[in-house]
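Hydrogens, waters and symmetry mates are skipped; everything else that's a heavy atom, side chains included, is used. Letters A, B, ... mirror the listed sequences (proteins, then strands); counts begin at 1.
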There are 2 protein chains.
Amino acid sequence: MRREGARRGGRRPRTGRAGYHHGDLPRALVDAALELISREGVRALTLRAAARRAGVSQAAPYRHFADKDALLAAVAEEGFRLLTASMRTAAPSTGDDPLGRFRGFGLGYVAFAAGHPAHFRVMFGREVADRARHPGLQAAGGEAFALLVDAIRACQQAGLVREGDTETLAVSAWSTVHGLAALVVDGQLDRDGSPDVAALAHAVTGSLFFGLAAPRPAGG
Amino acid sequence: MRREGARRGGRRPRTGRAGYHHGDLPRALVDAALELISREGVRALTLRAAARRAGVSQAAPYRHFADKDALLAAVAEEGFRLLTASMRTAAPSTGDDPLGRFRGFGLGYVAFAAGHPAHFRVMFGREVADRARHPGLQAAGGEAFALLVDAIRACQQAGLVREGDTETLAVSAWSTVHGLAALVVDGQLDRDGSPDVAALAHAVTGSLFFGLAAPRPAGG
DNA sequence: ACCTGAACACCGTTCAAGT
DNA sequence: ACCTGAACACCGTTCAAGT
């Protein structure tokens, strides 16, 4: 992970384009990787193909990434940052609606996966061979999980979610939204045409909160 | 998918070992693939490495599999069959406990993933590039989902699960167990040592049924 | 400081040829 | 009917060399 800021907006460094083809080859390689994955699948992502797309020689990527794994780790790390952003965007920021906030995180999680399938695949697909070598990755993943844990704790404190080990409840919540996200990205839900992801996300987060059990008959 | 029965037990065909190295090279290649994935990751699975492991030339696999994708599809299809078997084993077969049966399917799903991570990865990891080319695969996946749908319907008929579109409820259930399974296989839950998968599976299927909501105070 | 060209040991896949 | 050997166009990665 020699790469640092993504510098998305362009704004090339003053030191100039001398020697540069892009002003930002790392960024160009990450974009090329995402496009290759989206259009032709993870197997089509080769370092050489990404280099070709960026208009540099096959050896040039090694100036910025130690190996193919490092490029994939950069994609995954960016994905985790976009994930937390998507969760925050979907959640109301007001402190007085902890349940809405919790549900918003879930909806944002699924929306991210549906909107960034290439990122999602690299984040969770074991493409990054040795995750331990990329601690920034683990950290970024932990941040998203922490968001969920905090939201559940707030709901518990408001008396909206039942008592119990917060982390275990968070694993339930994470499993639910992650499972839906994975099934969507994986195309497993496509058997009768393309599914209404937003509707499913609402149904699933609703089930998560209220459960599948039939309401007890009053006095029963 | 030229390959047919897996003939797991050994029992070589009478027609003899003349020309055969294994009696069953397709089986040997599937086993080699699983071992390579388990020991060195999906990237280490190459057709040539599988052939080496099976003791045949690099070109020999093409007698039995059209291409690398076909070998992966065979692994995935076997996985789906093992998944349904695991679900059936974990579920009580008695007709008078639909809820236990439903929960058993969920526990069996997670147990399969934890016990067969290499299969699970190929089944859901987009390693098989063109899934449409392998209809047997889609069918085997649909079977597992159908099990869940039937179990939910039975619970609804017994008044144990609330009314509503059965398929949508099934997606909730599938998402929950699939999400936990994926997080386990992916190592995402390893941040404080290795997790107690069976305990998490119980907690998660419990949450799925009862929800996370705090019990309503009586008369409130 | 960043990039290229050539090289090495690998892949997936094909095809003529062997038994 | 099943397998091999050689071949082709690709990969990841390294390294000396260029500006």
Side-chain angles (χ1 to χ4, degrees), chain A residues 1-4 7 12-30 32-33 36-37 40-75 122 127-130 133, chain B residues 1-5 7 12-29 32-33 36-37 40-75 122 127-130 133:
Chain A
M1 294 281 295
R2 251 178 279 172
R3 201 174 144 263
E4 293 287 89
R7 218 171 28 245
R12 339 206 139 166
R14 279 282 169 92
T15 43
R17 36 198 286 297
Y20 270 106
H21 276 95
H22 293 273
D24 197 346
L25 182 54
R27 177 74 250 159
L29 289 168
V30 167
L36 285 163
I37 294 169
E40 303 174 61
V42 187
R43 260 147 115 182
L45 166 55
T46 66
L47 225 35
R48 290 170 101 116
R52 269 192 305 267
R53 253 186 177 282
V56 291
S57 81
Q58 83 230 195
Y62 290 90
R63 279 291 113 200
H64 305 275
F65 299 100
D67 49 22
K68 187 181 176 184
D69 233 44
L71 174 59
L72 285 165
V75 171
V122 177
E127 264 79 35
V128 183
D130 190 357
R133 263 178 56 203
Chain B
M1 293 280 296
R2 253 178 279 174
R3 199 175 145 260
E4 293 287 89
R7 217 164 37 237
R12 338 206 141 168
R14 279 282 170 91
T15 43
R17 38 199 284 297
Y20 270 105
H21 277 97
H22 294 271
D24 196 346
L25 181 54
R27 178 74 250 157
L29 290 169
L36 284 164
I37 294 169
E40 304 172 61
V42 186
R43 260 148 115 182
L45 165 55
T46 65
L47 226 33
R48 288 170 102 115
R52 270 193 303 269
R53 258 189 174 279
V56 292
S57 81
Q58 83 232 192
Y62 289 90
R63 278 293 112 200
H64 304 275
F65 298 99
D67 49 23
K68 188 181 175 185
D69 232 44
L71 174 59
L72 285 165
V75 170
V122 177
E127 264 79 35
V128 182
D130 189 358
R133 264 179 55 204

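The CZ atom of A:R52 lies 11.5 Å from the OG atom of A:S57; values are rounded to the nearest 0.5 Å. Residue B:L71 holds its CG atom at 5.0 Å from CZ of B:F65, rounded to the nearest 0.5 Å.
In plain terms, the two heavy atoms of B:D69 and B:D130 that are nearest each other are OD2-N, 3.3 Å. Contact record, B:L29 with B:A54: CD2-CB, 4.1 Å, taken as the closest heavy-atom pair. Residues B:V75 and B:A33 share a closest heavy-atom pair of CG2-CB, 4.3 Å. Smallest separation of non-hydrogen atoms from B:P61 and B:Q58: CD-O, 3.4 Å. In plain terms, the two heavy atoms of A:Y62 and A:D67 that are nearest each other are CE2-CA, 4.2 Å. Closest approach of A:I37 to A:V42, counting heavy atoms only: CG2-CG2, 4.1 Å.
A straight line from CD of B:E40 to P of D:dG12 spans 18 Å, rounded to a whole angstrom. In this structure, the CG atom of A:L72 is 10 Å from the P atom of D:dG12, given to the nearest Å. Look at CG on B:L29: it is 14 Å from P on D:dC2, rounded to the nearest Å. C:dG12 atom C1' lies 17 Å from atom CG of B:D130, rounded to whole Å. Taking atom CG on B:D69 and atom C1' on C:dT13, their separation rounds to 13 Å, with Å as the unit. Between B:L71 atom CG and C:dT13 atom C1' the separation is 14 Å, expressed in whole Å. The interatomic distance linking B:F65 (CZ) with D:dC3 (P) rounds to 12 Å, in whole Å. Look at CG on A:L36: it is 11 Å from P on D:dG12, rounded to the nearest Å.
B:K68 places a side-chain N or O within donor-acceptor distance of the main-chain N or O of B:L45, the cut-off being under 3.5 Å. Checked by atom type and distance alone, the side chain of B:R43 pairs as donor or acceptor with a backbone atom of A:E127 at under 3.5 Å.
A residue-by-residue look at B:L45 and A:S57 shows that A:S57 has its nearest nucleotide of DNA chain C further toward the 5' end.
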Nucleic acid footprint by protein, nucleotides 14-19 of chain C - heavy-atom cut-off 4.0 Å, B for base, S for sugar-phosphate alone = BB----
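Applying the 4.0 Å criterion to OP1 and OP2 of C:dA1, one finds that A:H64 has every side-chain N and O outside that range.
Nearest to the side chain of B:A60, among C:dT13, D:dT4, C:dC11, sits D:dT4. Picking from C:dG12, D:dG12, C:dC11 the nucleotide with the shortest atom distance to the side chain of A:K68 gives D:dG12.
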What nitrogen or oxygen pairs link the protein and nucleotides 8-10 of chain C at under 3.5 Å?
none

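Using a 4.5 Å heavy-atom cutoff, the side chains of B:L36 and B:R53 are in contact.
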query = Could you write out DNA chain D as a dot-bracket string, with dots for unpaired bases, | for bases paired across to another strand, and Watson-Crick or G-U pairs counted at under 3.5 Å?
reply = ||.|||||...|||||.||
